[in-house]
Amino acid sequence: MKLYLSVIALGLAFNALAESPDTTYTDISPIDSAFFSQLDDLVVTAMGIKKDRRTLGYGIQHLDADQLNTAGTASLASAMQGRLSGVDIRPSSGSPGASAQIVIRGARSFTGNNRPLYVVDGMPVESTPDFSTGNSTRGANLADRSIDINPEDIESINVLKGQAAAALYGIRASNGVIVITTRRSHSKAAHPTVILSTDVSAEIASRRFRRQEVYAQGTSISAFSPTSAMTWGPRISMLPADSKYGGDRQGHPGEYYNPVLADAGLNGWTTPTIYDNIGAFFQTGITANTNISVSQHTTKGDYAFGISNSYQKGIVPTTGMKRWGVRALTDIKLTDQLSTGFSANYASTRIKSAPSANSAILNSVYTAPAEFDLKGTPCHLPGDPAAQISYRPTVYDNPYWWIANNSYNQNTDRGYGNVWAEYNPLYGLSEIFTLKIREQAGLDVYTTNDSDVLEMGSAGNNKGSIDNYGVSRIIFNNLATADFNAYLGTDWEAGLMIGCEVNQNNARWWNYTGTNFNFYGMPVIGNATSYSSSEYNRCSRTVGFFGNLSASWRSMLYLNVTGRNDYVSSMPRAHRSVFYPSVSLAWMWSQLPALQGVTAIDHGKLRVSYAQVGQAGTYLTDYYYTPQYGSGMYTYYPLRYPIDGISAYVPYQQIYDPQLRPQNTENVEAGVEVGLFGNRLHAEYTISYQNITDQIFSVPTAGSTGYQYMTMNAGRMRTWSHEILIDGTLVRGADWEVNLGANLTLTDNKVVELAPGVESLMLGGFTSPQVRAEAGKTYPIIYGTAFKRTDDGQLLLSKGLPQATAASTDLGNCSPDFVTGFNLSARWRRISLNATLSWQHGGRMYHGTNMVLNNAGVTMESLPWHEGTFIAEGIDEATGKPNTIEVERQQYYMNYYQVGESGVYDMSFVKLRDISLTWQLPDLGPLKLQLSAFARNVLLWTRLPNFDPESSQGNGNMGGYFERFSMPATTAIGGGLKITF
Amino acid sequence: MKISNLISLIAAGMLITAGSCTDAEMDRLNRNTSNPPAETVNARFQITDAIVSTGFSNIGGSYAWYVSSYNEQMFGDGNNLLMYAELRDPGVTAAATTFNNDWNTIYRNLQNIKQIIEKCGEDGLNAGQLDLLGMAETLWCIKWEIVTLLHGDIPCSEALNANIKTPKLDKQEDIYAGLLKTIDSAISHLTEADREHLDNVGTQDLLYQGSAAKWLALAYGIKARLLLDGMYRYPDCLTAIDETAQKAFDLGFDGAILDIFDNPDRDNPWAAFMRSRKYLGANGTLAALLAENNDPRLDMYAYDTFNTGILWAPAGDASLAVTTQQVGAPAWLSNTNAPLYILSKSELLLIQAEARARLGLDAATPMLEAMTCSYEEYRCVADFEYTELPTLPTPKATLNEVMRQKFISTAVTGPISFYNDLRRGRALGEEWLTPQNPNNTVAGANRWPLRLPYGNSDVAANPNIAQAFGTGNDAGMYIFTEPIWLFGGTR
């Protein structure tokens with residue numbers, strides 16, 4: 001008797017019902033055991049339904065724990081990089097706790113959430129950042145909440161990429177779903193299994209910037225300028241001859257005078273010396289992960305308990321992360337009909353980060369003149385620690401002053417998990433029908449307390465400030481399902497699952513700020529003399545009813561039909577109810593009688609699916625608010641209400657369309673899979689088309705409407721994506737096994753149209769350049785001022801110098817042409833080698849650091865431009881004739897690197913993401929020992945000069961494409977130990 | 001478990017679930033509990049920010065900082081945006097992005113005032129509150145005056161309407177005529193409010209504490225300035241200007257001064273900008289004029305802020321523009337508590353003096369009084385102590401001298417007004433001061449902005465503005481060739 005239909009387990013690998021000790025996922029009985037011998041490739045699909053992946057009518061990718069690169073990182077995103085096709089993972093940097101943007105098969109929302117839904121042990125958990133970095137032009141990066149998930153706790157990940165795969169999750173799942181199953185024991189044992197694992201690694205910047213060390217501080221070759229932010233000054237060797245500061249004619253031969261040194265209490269007279277300010281600033285980072293777990297599998301169920309700690313010290317002093325995690329789960333078989341269990345997780349995450357872009361500290365590190373000893377010179381006036389001094393105007397902080405005084409802190413305490421009960425009323429009563437009724441209630445509760453501390457004397461805010469802000473969330477999720485399966489003769493199998501889900505999210509944000517400290521040394525609220533505060537509460541609920549009908553014929557055709565109706569509180573009354581269908585069909589053509597004798601083909605499948613899923617927006621009736629005054633021109637809020645007890649209200653700048661309806665993603669997907677030569681070669685190709693209509697976004701309105709944004713449905717995107725996966729076992733033997741995998745992703749994510757009258761949409765960045773969506777272009781693009789050119793492309797020069805257009809324009813497409821990853825897994829006896837290589841071709845980013853450093857005469861590339869004059873090629877705008885005006889090379893170079901276009905670079909790269917060597921020692925009695933050595937980001941080839949392209953600004957959709965003195969990416973080398981007994 | 005119990009349990013669960021998504025329940029959940037609905041807010045709470053934003057954002061923001069460089073009242077430095085303004089780089093001066101914030105802000109402020117005026121209408125929450133209405137109308141005129149005089153033809157009749165996303169451009173001639181009507185309406189409403197001793201605003205009025213009489217005087221002052229704006233097109237308005245200004249003084253106009261700044265809670269925008277960016281310094285053109293006249297205001301204007309010995313920079317000096325914290329800045333840029341002038345007494349006196357000089361009447365009286373007022377305004381914003389008024393020069397009250405005095409006084413109280421004056425002077429063929437910035441022309445082409453470019457939000461989202469702004473290499477270049485209609489242009 002064969003009975004195979006959807007097996008509901010809601011993400012929990014409860015296997016108590018199966019008596020077989022080594023069968024992980026079998027949970028239906030009585031069942032023909034011969035059938036399960038085929039089920040060696042079960043995966044968790046939507047709502048925890050486990051299926052043989054070969055029967056699925058849509059694409060899904062499965063990663064086991066050993067396929068995650070967890071060594072040397074505390075980030076799940078980082079652990080998955082290079083392993084997945086169709087999934088774009090863009091880390092913001094190598095800084096501890098740095099956010100990462102994960103997008104599956106291209107974006108679906110111009111400005112909204114494009115991150116997948118995370119489901120841990122059947123419970124949807126929050127993974128998005130609670131605080132946006134906005135335009136990402138100031139402050140520090142802010143973590144997304146996937147950082148609370150310890151990659152070491154993960155047993156497996158299933159990535160539901162297409163909408164057909166995710167449709168059962170309804171409105172929250174249009175971006176795909178990452179279904180995580182945490183570790184547990186699968187082998188029945190008399191004693192608990194204890195695993196102790198630890199790894200430690202040392203980190204440095206993956207690419208260290210090397211500045212020119214020939215020319216000194218100054219704005220022109222003719223004079224040393226000890227307060228300039230630039231190094232266009234005279235040759236360092238010529239400083240003693242400087243007309244104003246040189247010592248040759250002032251009784252200090254061979255020396256020059258630097259008043260900044262004198263301010264710092266040092267001897268102002270000094271000899272020209274070269275200092276490695278960049279090398280001196282960065283420290284060696286450390287990442288240490290430790291995990292202890294105890295687990296056991298028995299006939300009555302199983303349990304697992306674990307404690308984990310991640311410790312990271314960043315390469316920028318004072319930055320780092322500490323994370324503690326505790327988890328426990330049990331699956332208990334009460335009777336043959338009734339089982340229950342729970343999963344509970346606690347995470348405490350403490351992150352310290354450093355600011356970038358307009359608040360950057362690396363700006364002053366990179367631009368520090370080679371002849372100035374940045375580390376060795378006191379960073380404040382003698383006896384006055386609040387009066388910072390630097391080699392340049394302190395509109396940017398002296399980095400040493402910053403690390404001694406300021407900090408950006410993110411602290412989150414979080415608990416999430418669920419309890420469940422499962423009832424199987426027909427157990428033992430029927431061999432034809434099975435029915436499972438399951439109830440699961442879960443909570444995801446956390447509080448984030450962040451604090452931005454700027455001590456008295458900070459750049460742009462010399463009176464100091466402390467900004468304490470946070471969010472408290474309570475998310476309740478209740479899921480009830482009934483799953484009915486039937487065997488209908490020898491050819492047909494069928495099943496029906498129905499269920500309902502309630503998800504309620506209560507959130508409260510707050511902010512309390514104190515400014516103007518009384519005195520230095522106590523940068524706390526209590527020492528402030530001016531205060532402001534705010535809070536915001538929000539509640540949303542989604543109620544979904546869903547069903548899943550499945551049928552199969554002769555183990556050859558598999559049909560799956562789903563439908564879900566969601567009711568969403570955040571939408572206007574008339575558009576709260578939304579229905580999303582999906583249908584998928586898999587044809588196991590390898591089951592054709594004609595192919596039964598072909599031994600080379602193990603399995604072959606064609607699959608096709610269609611689905612619709614949407615995203616809800618937030619609709620509010622028009623409201624007023626109390627404004628506060630600030631803009632990019634200010635480094636703080638100069639004016640807030642109340643004013644001497646008087647407050648004010650004005651219309652909020654954003655309004656909402658009362659006709660707002662959920663946006664819709666329509667997806668058609670087709671794929672072919674084949675397994676050959678005893679499953680030693682597996683290949684898979686998927687083509688997917690997404691048509692995203694009725695986008696909900698805040699349409700930037702013409703300012704003359706009196707509003708800035710209107711939340712409405714507008715615009716359309718479409719995405720073609722092609723994914724190829726190949727896994728092959730090249731060698732397999734008693735001593736040897738070599739597996740090689742490759743994945744390739746081509747995503748063409750195009751903005752078909754925006755709102756009427758809206759040609760483009762800012763995602764973040766500066767006024768120019770910025771990252772934006774533009775109608776008719778690939779999503780997204782860099783947008784900014786370009787060089788003024790003639791129709792045939794020649795530079796249009798003004799007084800011999802390049803100039804910018806007054807209007808901004810498309811400066812390049814950010815999306816890569818393709819991304820590919822190669823995975824090597826080789827074993828010789830007890831030694832195994834694993835490596836991941838990533839290759840990204842194409843894609844452009846704004847790299848502000850390169851641009852600014854060129855403009856300031858800091859880069860090695862600038863060296864030929866410091867002295868002399870030349871006549872630039874181009875057309876003189878005044879005459880319309882070829883340019884004949886001779887200009888200083890320096891002036892030309894500076895003007896060139898003032899135009900936004902000059903900061904846009906190709907970010908193609910090839911990167912050896914990780915390589916690890918593991919030695920499984922011979923068992924020492926009950927002890928199993930494993931030693932490993934590993935390295936991450938060790939080799940990098942890229943077209944981007946000077947820096948690693950995987951370092952950028954922003955924790956949203958602009959992430960990965962806009963860089964400006966961002967925290968660097970890192971290279972790590974380390975080792976690990978794992979003890980099992 | 002019995003099947004019947006199971007069914008009961010499932011039925012109860014379904015009922016609870018279904019009950020959790022009724023419209024009433026979902027409405028309750030989606031209620032915005034942190035902000036008041038638009039229709040419930042009394043407009044007296046709105047007028048407060050209408051006043052504050054006029055000073056802080058419209059008169060005291062980027063508009064003023066940039067045009068003070070164009071006027072040669074300030075020197076832009078700091079190797080950033082204001083440096084490009086000082087160097088007259090079209091990539092900044094003509095860019096739609098440069099004034100985008102100011103453009104958006106002023107229209108948002110106007111939206112607020114529009115809703116105040118609507119609430120003062122029949123059946124509105126503030127129906128019959130003529131004092132509030134008159135204040136709103138006065139501020140309405142001040143803001144529209146700024147936006148049309150800086151940008152020329154702009155969206156007006158179709159603006160401020162959520163249902164019209166691409167408002168058309170209105171002719172400046174029509175907008176200007178509308179403003180004159182509105183200011184007359186304000187005068188009428190405030191006169192009535194004053195007569196009836198209405199006080200619906202009270203302490204929410206951070207300018208005059210709800211005094212309709214003082215607002216009435218201000219409305220006359222604004223009307224005088226509006227009339228002066230139109231002098232090129234309507235040259236016979238001079239007598240009306242003189243009389244309207246006099247009416248303001250007769251009603252007790254003593255300056256519309258927004259004196260709300262009190263560090264650390266609230267900083268004057270000029271000082272906050274300086275504290276944040278340090279992009280402004282003293283301009284040699286103004287410093288030289290003060291020095292030439294032996295004017296005591298020089299001490300407050302050319303001030304060795306950074307102890308570099310560089311008190312001011314010659315207009316357009318590239319080598320100093322690239323520096324930060326080198327060129328001394330006027331003392332008031334360090335005074336975070338300095339008040340802002342929505343309309344200064346010195347400015348209105350000089351408006352009257354100009355009209356009188358052109359009419360051949362006595363201009364000396366208002367001009368000399370303006371100088372005294374201006375000195376006090378300088379001293380007040382710079383927070384300079386003195387025991388007695390220093391001896392001020394007493395130049396002859398020629399038209400040129402009146403305008404030179406306005407050049408000096410508006411450096412503190414209103415660079416935007418003087419930018420309007422300068423362009424009006426160009427239209428009239430008058431040059432009261434010789435511009436010193438060598439970057440004003442490049443190879444014979446004008447690079448001194450005759451107007452400011454439209455805001456980028458409209459250039460991007462409103463085809464009517466996009467067309468007016470231009471594309472490609474020509475984008476924004478109209479600001480160097482086409483004056484606004486009031487000053488001799490066509491749009």
Side-chain angles (χ1 to χ4, degrees), chain A residues 219 393 395 460 463 480 500 502 515-516 529-530 536-537 539-541 543 567 569-570 573 576 620-625 627 629 631 633-635 638-639 643 646 648-651 653 655 700-708 757-760 767-768 785 788 798-799 803-807 878, chain B residues 13 17 20-21 23 26 29-30 32-38 41 45-46 48-49 56 62 90-91 94-95 97 101 103-104 107-108 110-112 115 155 159-160 162 165-167 203-204 260 264-267 269 272-273 276 278 322 324-325 442-443 455 457-458 460-463 473 475-476:
Chain A
T219 55
V395 288
K463 301 286 179 66
C500 64
V502 178
T515 57
N516 269 57
T529 57
S530 176
Y536 184 72
N537 295 282
C539 181
S540 63
R541 179 184 295 169
V543 179
Y567 297 86
S569 71
S570 63
R573 263 193 176 209
R576 282 196 179 125
L620 296 170
T621 51
D622 293 349
Y623 63 91
Y624 282 15
Y625 79 121
Y629 285 76
S631 76
M633 290 297 202
Y634 305 108
T635 54
L639 176 62
I643 297 172
I646 302 297
Y649 279 106
V650 296
Q653 60 190 15
I655 50 176
T701 51
S704 57
T705 61
Y707 298 102
Q708 300 291 169
V758 179
E759 292 302 313
S760 55
T767 303
S768 168
T785 54
K788 257 191 175 180
S798 171
K799 294 190 283 189
Q803 48 180 341
T805 54
Chain B
T17 307
S20 68
C21 59
D23 273 337
M26 293 301 217
L29 291 167
N30 202 38
N32 183 350
T33 56
S34 303
N35 300 95
V41 176
F45 294 105
Q46 295 174 244
T48 308
D49 194 65
F56 194 95
S62 295
T97 50
N101 279 347
W103 171 271
N104 292 338
Y107 272 104
R108 274 208 315 272
L110 284 162
Q111 175 68 256
N112 180 37
Q115 294 188 21
L160 311 177
K165 297 191 179 59
T166 57
T203 54
Q204 290 296 131
I260 59 170
D265 293 325
R266 297 175 297 280
D267 288 355
F273 180 53
S276 298
K278 301 179 176 64
V322 79
T324 306
Q325 292 180 246
V442 172
S457 65
D458 268 71
N462 185 353
N473 289 339

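Order of the sequence lines sets the chain letters (A, B, ...), proteins ahead of strands, with each chain counted from 1.
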Heavy atoms of B:P269 and A:Y634 approach each other most closely as CB-OH, 3.3 Å

Please classify the contact of A:Q653 with chain B as side chain, backbone, both or neither, using a heavy-atom distance under 4.5 Å. both

When you look at B:V442 and A:S798, which way does the side chain to side chain contact (heavy atoms under 4.5 Å, CB included) test go after all the steps? CA-CA 8 Å; B:V442 172; A:S798 171; 3.7 Å; yes

Contact part of A:V502 toward chain B, heavy-atom cut-off under 4.5 Å: side chain, backbone, both or neither? side chain

Between the side chains of A:Y629 and B:D49, is a donor N or O closer than 3.5 angstrom to an acceptor N or O? yes

Minimum heavy-atom separation for B:D458 and A:G703, please, with both atom names. OD1-N, 2.8 Å

Segment of A:R576 engaging chain B (4.5 angstrom heavy-atom cut-off): side chain

Please flag which part of A:T219 lies under 4.5 Å from any non-hydrogen atom of chain B: side chain, backbone, both or neither. side chain

What residue, out of B:T324, B:N35, B:N101, B:N30, has the most heavy-atom pairs lying under 4.5 Å from chain A? B:N30

Tell me, for A:P627 versus chain B, whether the close heavy atoms (under 4.5 Å) come from the side chain, the backbone, both or neither. side chain

Answer with side chain, backbone, both or neither: which region of A:S540 has an atom nearer than 4.5 Å to a non-hydrogen atom of chain B? neither

Relative to chain B, which segment of A:I643 carries a heavy atom at a distance below 4.5 Å: side chain, backbone, both, or neither? both

Between B:Y107 and A:Q708: side-chain donor-acceptor atoms closer than 3.5 Å: no

